[in-house]
Amino acid sequence: MRNIKKLISIMLVFMVVMMGFPMMSFASNEVNSADGNWKYLPDYNNNTCTIIGYYGTDADVDIPSKVDQLKVTKLDLGYQVAAPHNRWNKNENVISITIPSTVTAVGNWCFAELPNLKKITIPSSVKEFGEELFKYCTSLEEFTVPAKMTVIPPEIFRGCTSLSKVTLHSKVTEIGYNAFEDCTSLKNIKLPSGLKVLGGQCFIRTGLESVSIPNTVSDMGSGVFESCSSLTSVKLTANTAVNELPYNTFSGCTNLRTVTIPSNMKSMFSGFSDCPNLTTVIIRNDSFKILGGFEQTALLTLYSSSKASNVREYCTKKGIRWKALDPPAWSSKKRTVTTATLKWKSVQDAAGYKVYKKTGTGSYKYVKTVTGTSYKATGLKRGTTYRFYVTTLKKDALGNLIESKGSTVYKTYLKKL
């Protein structure tokens with residue numbers, strides 16, 4: 001009993017002491033710099049700090065490499081504030097920002113809502129990038145992705161309505177969700193050949209006019225190009241690793257005219273809803289399954305091989321115009337010592353035929369476009385293997401030439417004497 005009373009007495013003394021320090025905070029160690037321009041979180045053990053606030057009024061902001069003798073290693077001007085706000089005083093004044101080479105990380109929303117920011121210099125030392133970095137920086141016009149930014153963070157440029165040029169380097173493998181949402185001035189972007197992931201709605205409501213998706217992409221979220229009203233043509237690169245077109249990929253692309261779906265893509269559902277000007281869809285896979293997503297219009301025509309029964313049946317059911325886009329069938333193939341004469345059967349409504357050749361173990365190369373139904377290859381050599389195939393060209397309703405798959409390959413070889 002005596003011990004219990006003693007414990008209670010100690011607790012009461014502790015409470016009285018604590019009541020004597022009502023303003024003490026154990027949750028924060030924020031410090032204002034001696035010059036009054038910065039707020040930071042110090043790490044005295046390592047003589048470093050994280051900048052979390054700017055209170056100056058400069059238009060051109062040079063972030064210091066040291067504050068009060070502590071090396072600046074991180075910028076976190078979105079620290080403990082609600083997105084997308086930040087701790088930039090007079091944020092409308094900021095036009096340019098230079099980051100020192102001591103910085104290795106920038107946190108979420110770090111530069112968000114700087115309406116007049118036009119230029120930022122990010123050193124190669126930075127290797128960690130937060131989300132929504134430039135959200136609603138409506139004056140930012142150009143950006144070159146730093147070498148160590150291999151993943152484009154989610155919503156990084158959301159609402160950057162003046163952004164017209166973005167350079168992605170070859171090591172970028174992922175573009176985060178909503179990364180370029182509402183970047184209405186972005187007309188073109190070259191996606192790197194090593195890109196693997198396109199996050200959901202990453203280009204929603206951008207100003208893109210055309211797009212080519214590299215065959216390395218294996219993961220696409222829904223609505224990647226949704227409501228891109230300036231988008232007119234789409235090419236899904238042959239052998240793309242995406243087997244099914246995700247939900248709403250191109251929905252609401254009101255000026256989309258032409259689409260090419262490659263041979264390895266197997267199916268789609270609701271990929272092209274609300275695309276009233278879609279005119280030409282070329283489907284390369286004879287086994288392609290359409291589960292939904294095309295709407296009957298006076299303009300739309302789907303082109304596929306006659307063997308693509310699911311495509312033909314879908315078009316019949318939905319009242320959508322379908323036309324055959326078949327490669328030609330060989331009628332004869334003759335080889336002499338130095339020539340090969342190739343002939344094929346004519347294809348209805350063909351505007352011409354393209355001939356391709358492969359020499360030895362090389363790759364197929366385009367040789368010639370002909371309007372007739374024959375081609376004579378000359379200059380062949382003994383001891384070398386040659387392969388040929390031919391495609392059919394047709395004109396769509398827009399007057400554009402569209403191309404079929406290749407015919408069966410003709411292989412020819414003469415032994416050396």
Side-chain angles (χ1 to χ4, degrees), residues 60-61 63 75 94-101 103-106 108-112 114-199 201-221 224-225 228 230-237 240:
D60 301 312
V61 180
I63 296 173
L75 305 179
V94 180
I95 294 176
S96 72
I97 298 171
T98 300
I99 300 173
S101 60
V103 173
T104 60
V106 290
N108 296 342
W109 321 310
C110 204
F111 312 108
L114 299 179
N116 293 307
L117 179 66
K118 290 188 175 182
K119 182 181 179 182
I120 184 164
T121 302
I122 301 176
S124 59
S125 58
V126 180
K127 57 184 179 181
E128 295 180 23
F129 302 87
E131 300 180 5
E132 304 177 55
L133 280 180
F134 303 103
K135 192 174 183 179
Y136 301 133
C137 290
T138 53
S139 295
L140 188 65
E141 297 177 355
E142 296 186 11
F143 188 81
T144 298
V145 172
K148 292 182 181 177
M149 185 188 285
T150 57
V151 175
I152 307 302
E155 301 188 54
I156 180 174
F157 299 111
R158 182 177 179 181
C160 294
T161 52
S162 296
L163 187 66
S164 60
K165 183 179 179 181
V166 176
T167 304
L168 303 175
H169 57 78
S170 60
K171 293 184 179 179
V172 171
T173 59
E174 179 176 345
I175 297 177
Y177 62 83
N178 298 85
F180 295 93
E181 178 178 348
D182 291 321
C183 292
T184 52
S185 297
L186 187 63
K187 305 296 183 185
N188 298 285
I189 188 168
K190 184 178 180 180
L191 300 179
S193 58
L195 187 66
K196 296 180 180 179
V197 179
L198 287 170
Q201 297 186 325
C202 59
F203 290 104
I204 186 173
R205 292 189 298 273
T206 61
L208 290 177
E209 295 175 348
S210 63
V211 65
S212 180
I213 302 174
N215 59 15
T216 51
V217 173
S218 58
D219 187 355
M220 285 178 65
V224 169
F225 301 99
C228 290
S230 297
L231 191 64
T232 59
S233 65
V234 172
K235 183 178 181 181
L236 301 171
T237 309
T240 177

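The basis for the numbers below is simple: all heavy atoms, side chains too, and nothing from hydrogens, waters or symmetry mates.
- Rounding to the nearest 0.5 angstrom, the gap separating the OG atom in Ser162 from the CG atom in Leu117 is 11.0 Å.
- Within the 3.5 Å criterion, the main-chain N or O of Ser193 finds a donor-acceptor partner in the side chain of Thr216.
- Put simply, the side chain of Thr232 gets close to the backbone of Glu209: a donor and an acceptor are under 3.5 Å apart.
- Every residue meeting the ring-ring contact (aromatic ring centres under 6.0 Å, His included) condition with Phe143, not counting sequence neighbours, appears here in chain and number order: Phe134, Phe157.
- Counting only heavy atoms from C-beta outward, the side chains of Tyr177 and Glu155 approach each other to under 4.5 Å.
- Taking the side chain as every heavy atom from C-beta outward, Leu198 and Ile213 approach each other to under 4.5 Å.
- Heavy-atom minimum distance, Ile175 versus Cys202: CG2-CB, 3.9 Å.
- Around atom NZ of Lys187, more than 12 heavy atoms belonging to other residues, nucleotides or ligands sit under 6.0 Å away.
- Shown here for Leu195 and Pro214, the closest heavy-atom pair between the two residues is CB-CG, 4.3 Å.
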Next on the checklist: Run Lys165 and Thr167 through side chain to side chain contact (heavy atoms under 4.5 Å, CB included) and show every step you take.
Outcome noted: CA-CA 7 Å; Lys165 183 179 179 181; Thr167 304; 4.1 Å; yes
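- Contact detail for Glu131 and Pro153: the closest heavy-atom pair is CA-CB, 4.0 Å.
- When side chains are defined from C-beta on, Phe180 counts as touching Val166, because their heavy atoms get closer than 4.5 Å.
- Here the shortest heavy-atom pairing between Gly130 and Asn108 reads CA-OD1, 3.2 Å.
- Every residue two or more places apart in sequence or in another chain that forms a side chain to side chain contact (heavy atoms under 4.5 Å, CB included) with Pro100 is listed here: Ile63, Ser65, Thr102, Val103.
- The line from CG of Leu186 to OG of Ser164 is 7.5 Å long, rounded to the nearest 0.5 Å.
- Sorted by first then second residue, the salt bridge (charged side-chain N to carboxylate O under 4.0 Å, His left out) pairs that include residues 190-199, not counting sequence neighbours, number zero.
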Checklist entry - Between Ile97 and Leu114, does a side chain to side chain contact (heavy atoms under 4.5 Å, CB included) hold up when you go through it step by step? => result CA-CA 11 Å; Ile97 298 171; Leu114 299 179; 3.7 Å; yes
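- In terms of modelled atom types and a separation under 3.5 Å, the side chain of Ser125 and the main chain of Ser101 share a donor-acceptor contact.
- Proximity of Leu133 to Cys110: side-chain heavy atoms (C-beta onward) are separated by under 4.5 Å at one or more points.
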Checklist entry - When you look at Ile122 and Met149, which way does the side chain to side chain contact (heavy atoms under 4.5 Å, CB included) test go after all the steps? => result CA-CA 11 Å; Ile122 301 176; Met149 185 188 285; 5.7 Å; no
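- Applying the side-chain hydrogen bond (donor to acceptor under 3.5 Å, both in side chains) criterion to Thr98, with sequence neighbours excluded, gives Asp62.
- Atom CZ of Phe111 is separated from atom CG of Leu140 by 11.0 Å, given to the nearest 0.5 angstrom.
- With sequence neighbours left out, Glu181 forms a salt bridge (Lys or Arg N to Asp or Glu O under 4.0 Å) with Arg158, Arg205.
- By the side-chain hydrogen bond (donor to acceptor under 3.5 Å, both in side chains) test, Asn188 is found to be paired with no residue, residues two or more places apart in sequence or in another chain being considered.
- In this structure, Ile189 CD1 and Leu208 CG are separated by 7.0 Å, a value rounded to the nearest 0.5 Å.
- The shortest non-hydrogen separation linking Lys148 to Val126 is CB-O, 3.6 Å.
- When every heavy atom of Ile152 is checked against every heavy atom of Ala179, the shortest pair comes out as CG2-CB, 4.2 Å.
- Residue Cys228 holds its SG atom at 8.0 Å from CD1 of Ile204, rounded to the nearest 0.5 Å.
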Checklist entry - So Val145 and Phe129, side chain to side chain contact (heavy atoms under 4.5 Å, CB included) or not? Walk me through it. => result CA-CA 11 Å; Val145 172; Phe129 302 87; over 6 Å; no
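- Rounded to the nearest 0.5 angstrom, Cys183 SG and Asn178 CG are separated by 10.5 Å.
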